[in-house]
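Not measured: the values here are computed from a predicted model. Side chains included, hydrogens not; waters and symmetry mates left out as well; all remaining heavy atoms used.
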Amino acid sequence: MTGRRTRSRAAVATAALVSCALLLTGCGIKRSGVIDSGHAATVKVPGAKSTIVYFLSKDGDRLVPTPVTGFEGHDINPEVLLLMLLEGPRGRAAEVGLTTGLPQPTALKDGSLAVSPYSHAGMTVRVPFAVAGLSELARMQIVCTIGISAVRDVISPITLMGTDTTLASADCSLKP
């Protein structure tokens, strides 16, 4: 009986080795040398202390986070941040073709542009134009810019108030 077990184990081991060899040699992939493909891709991601303004891509089909430079380590007043957003992309952001879905206010009156102080319920943003007809991406430009950058380490729901109506509170949703 011992001889039978040994032969049986040997047959199983041989079958396993032959199966592995067939699998490894029969995959149909030919050998090739090393292929040089250049450097690994790198992406600069703004740090936690960066202030972000959200513009639209060149095609206007998605939000693009754009770091605000020159204020590193400092908090920017939310109304100033909103004004920067409404003025549209400048500098490098404009050079690469970023755009905005928001109307540019021509003459701002006192109080026509405002951001309420932060509370656990969120923040209210008042703008000097009608908001009912804004595209979802244009609305998200304001919601994401103020909701993420106005209060450090907090994502705030934003209620948008225009000259025509007040829109329901929204959170920044960066889903494509």
Give the minimum heavy-atom separation between L98 and P89, together with the two atoms involved.
O-CG, 3.2 Å
Interatomic distance, CG@L102 vs CG@L137, rounded to 0.5 Å, equals 10.5 Å
Side chain E79, main chain A114, donor-acceptor under 3.5 Å:
no
Partner of I146 by side-chain contact (heavy atoms from CB on, under 4.5 Å), out of V115, L85, V53:
V115
Just how far is it from atom CD1 of I142 to atom CG of L160, taken to the nearest 0.5 Å?
4.5 Å
Could you report the tightest heavy-atom contact between A121 and P157, atom names first, then the distance?
O-CG, 3.7 Å
More than 12 heavy atoms of other residues, nucleotides or ligands under 6.0 Å from CG of L83: yes or no?
yes
Heavy-atom nearest pair, D171 first then S156, reads OD1-C, 4.2 Å
For T66 against A93, the heavy-atom pair lying closest together
CG2-CB, 3.9 Å
Which pair of non-hydrogen atoms, one from F55 and one from T99, has the smallest distance, and what is that distance?
CB-O, 3.3 Å
Rounded distance [0.5 Å steps], CD in Q141 versus OH in Y54
11.5 Å
Can you tell me how far apart CZ (R139) and CD1 (I158) are? Round to the nearest 0.5 Å.
10.5 Å
Interatomic distance, CG@N77 vs CE@M84, rounded to 0.5 Å, equals 11.5 Å
State which residues pass salt bridge (charged side-chain N to carboxylate O under 4.0 Å, His left out) with R92; sequence neighbours excluded, sorted by chain then number.
E95
Is there a path from M161 to L134 through hydrophobic residues (I, L, V, M, F, W, Y) whose side chains come within less than 4.5 Å of each other?
no
For V143 and A170, the nearest pair of non-hydrogen atoms, with its separation, is CG1-O, 3.5 Å
Which value, rounded to the nearest 0.5 Å, describes the distance between T124 atom OG1 and L167 atom CG?
11.5 Å
Among L56, L63, T145, whose side-chain contact (heavy atoms from CB on, under 4.5 Å) with M140 holds?
L63
Side-chain donor or acceptor of S149 paired with backbone N/O of I52 under 3.5 Å:
yes
Ignoring hydrogens and angles, tell me if any N or O in the side chain of T163 forms a donor-acceptor pair with the backbone of A130 under 3.5 Å.
yes
